[in-house]
Amino acid sequence: MTMKLTPLELMTKLISFPTVSRDTNLPLIDWVEGYLGSHGIKAYRWPDPDQPHKAALFAHVGPWEEGAVVLSGHTDVVPIDGQDWSSDPFTVTERDGKYYGRGTCDMKGFDALAIWALVEAQTRGVKHPLQLALSFDEEVGCTGAPPMIEAMQPVLPKGGPVIVGEPSMMKTVTGHKGGQGLRTHVIGHEVHSSLLHIGVNAIMASAPLITWVNDTNVANRDKEPGPLAAMFDPPYTTAHIGMISGGTAHNITAGECDFAVSFRVVPGEDPQAWCDAYTEAALQVQSDIQAIHPDTRVELSPWFRVPALVPEDNGAAEALTRQLTGDNETHVVSYGTEAGQFQEAGYSAVVCGPGDIAQAHQPDEFITIEQFNAGHAFMEKLLARLQQG
Ligand SMILES: [Zn+2]
C-alpha cells in the first residue's frame with residue numbers, strides 16, 4: 001500500500017498530467033488506477049476504441065449493492081495555447097490564497113477530492129457504497145461520458161445519486177441547458193467575381209443561414225418563457241456560430257464555406273427540433289444555389305449533442321447535496337455538463353463542485369483555497385453519511 005495523499009497532493013499530481021482534450025489522458029488514468037489499486041480498490045477502464053490514447057475509469061467502494069453515490073468528473077482540460085500564464089500551468093502554484101494551474105477549477109480539483117474520498121471510504125469502511133467515474137473529452141462536446149456510463153452498467157451495481165463536480169461554488173445546480181450542434185459545409189461554384197451571376201459564392205450563400213440564426217435568437221427572445229425556461233439567463237434557447245472560414249481570393253466566388261451552428265436549448269424544448277428547423281433552412285439555401293449551378297450543395301453533419309439537465313421532483317441527488325451543503329436556493333446554469341447525460345441514462349443528477357466557472361478555461365486558472373477546502377469539508381460530510389447505518 002502506498003502512502004495516502006492529501007487532496008492537495010492529489011490535485012497537484014493530476015494537474016501534472018497535461019491532459020488537454022486533443023492529447024492522451026492515459027498517463028493520468030494509469031496513475032489513478034495504480035493509486036486506487038495500491039489501496040485495494042479495483043478500477044475499471046473504458047478504453048475508447050476510436051481513440052486508443054484515451055480511456056475513462058470507474059470504481060466502486062463499499063457494499064456491492066445498488067444506490068451508490070457517484071462522484072463524477074472529467075479528466076481533460078482545455079488548451080493553454082495563446083494564453084499568458086504567470087506560472088507553469090501544469091504545476092500547482094499557491095499565491096494569494098489561491099491554487100493556480102490548468103484544471104484547478106475545471107475540474108481536477110474536484111477529481112482529486114473524489115479520489116481522496118474513495119480511498120477514505122475504502123480505508124475507513126462505509127455502510128453505503130461510493131463510486132467514482134472519470135471521463136474524457138468533456139471539453140470537446142461531452143462525448144466521453146455516454147459510452148463510459150454505458151460501460152459502467154454491466155460492471156458495477158447501478159449507482160444512485162450522481163454529483164458532477166463542475167465548478168458551482170458548492171451550490172446545488174439542478175438544471176442546465178442542453179446543447180446540440182451541426183457542422184455546415186457549403187459548396188459553391190468558383191468563377192471570376194466579375195461573372196458572379198453564373199457562379200455560386202459559398203460565403204454569400206451562407207449568409208441566409210447566419211441570418212436565420214440571428215432571426216431565431218430574436219424570435220426566441222421575444223417569446224414568453226415557460227416556467228423551466230424562465231429559470232435561465234437568458235430565459236430562451238439560443239443559436240450561435242462562433243467560427244467561419246471560406247474563400248481563396250477577393251476576386252473569386254468562394255468555392256467553399258465552413259461553419260458550425262450550436263444551440264443551447266432550455267429544458268423542455270427538443271434540441272433535435274431546432275436542428276431540424278435549421279436543416280430545413282439549409283435545404284432552402286441548397287435549392288436556391290442549385291438553381292444557379294447543379295454542382296453546388298449544403299452538407300450538414302452532426303457535431304455534438306448534450307442533453308439538458310432537467311430539475312427533478314424530489315431528486316435524490318438534489319436532496320443529498322442540499323443536506324451536505326445546507327444550500328436550499330435554486331440554481332441553474334447555461335452551460336452543459338455530464339449531469340444531463342447521467343440523468344438521461346436514468347440517474348438522479350446534480351452539478352455541485354468547488355470553484356467558480358468564471359475561472360474555467362482562463363489563463364491563470366485558479367481555485368481559491370477556501371473553495372477547495374469547502375469541497376474537502378463536503379467530502380468529509382459525505383463520508384460521515386456513508387458510514388452511518
Ligand atoms: Zn468542466
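Predicted, not measured: the structure shown is a model, and the values here were computed from it. Counting starts at 1 for both ligands and their atoms, in listed order.
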Exercise for the section: State yes or no: are the ring centers of H376 and F372 separated by less than 6.0 Å? Expected result: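 Centroid separation for H376 and F372: 6.0 Å or greater.
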Could you pull out every donor-acceptor pair under 3.5 Å between side chains of residues 219-227 and any protein atom, sequence neighbours left out?
from	atom 1	to	atom 2	distance (Å)
N220	OD1	K223	NZ	3.2
N220	ND2	T237	O	2.9

Problem - Criterion salt bridge (Lys or Arg N to Asp or Glu O under 4.0 Å) against K54, the qualifying member of D48, D137, D76 - result: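 For K54, the salt bridge (Lys or Arg N to Asp or Glu O under 4.0 Å) check succeeds only for D137.
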Handout entry: Distance-only donor-acceptor check, side chains H176 and T337, under 3.5 Å
Key =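 Checked: H176/T337 side chains pair up, N/O donor to acceptor below 3.5 Å.
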Please report, to 0.1 Å, the donor-acceptor pairs under 3.5 Å made by any side chain of residues 111-118, with sequence neighbours excluded.
none

Practice task
Less than 2.8 Å from the Zn ion (ligand 1) is the window; count the protein N, O or S atoms in it.
Solution key: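 Total protein N/O/S atoms under 2.8 Å from the Zn ion (ligand 1): 4.
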Exercise for the section: Not counting sequence neighbours, which residues clear side chain to side chain contact (heavy atoms under 4.5 Å, CB included) with L300? List them please. Expected result: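 Counting only residues at least two positions away or on another chain, L300 forms a side chain to side chain contact (heavy atoms under 4.5 Å, CB included) with L182, T184, Y278, T279, A282, V298.
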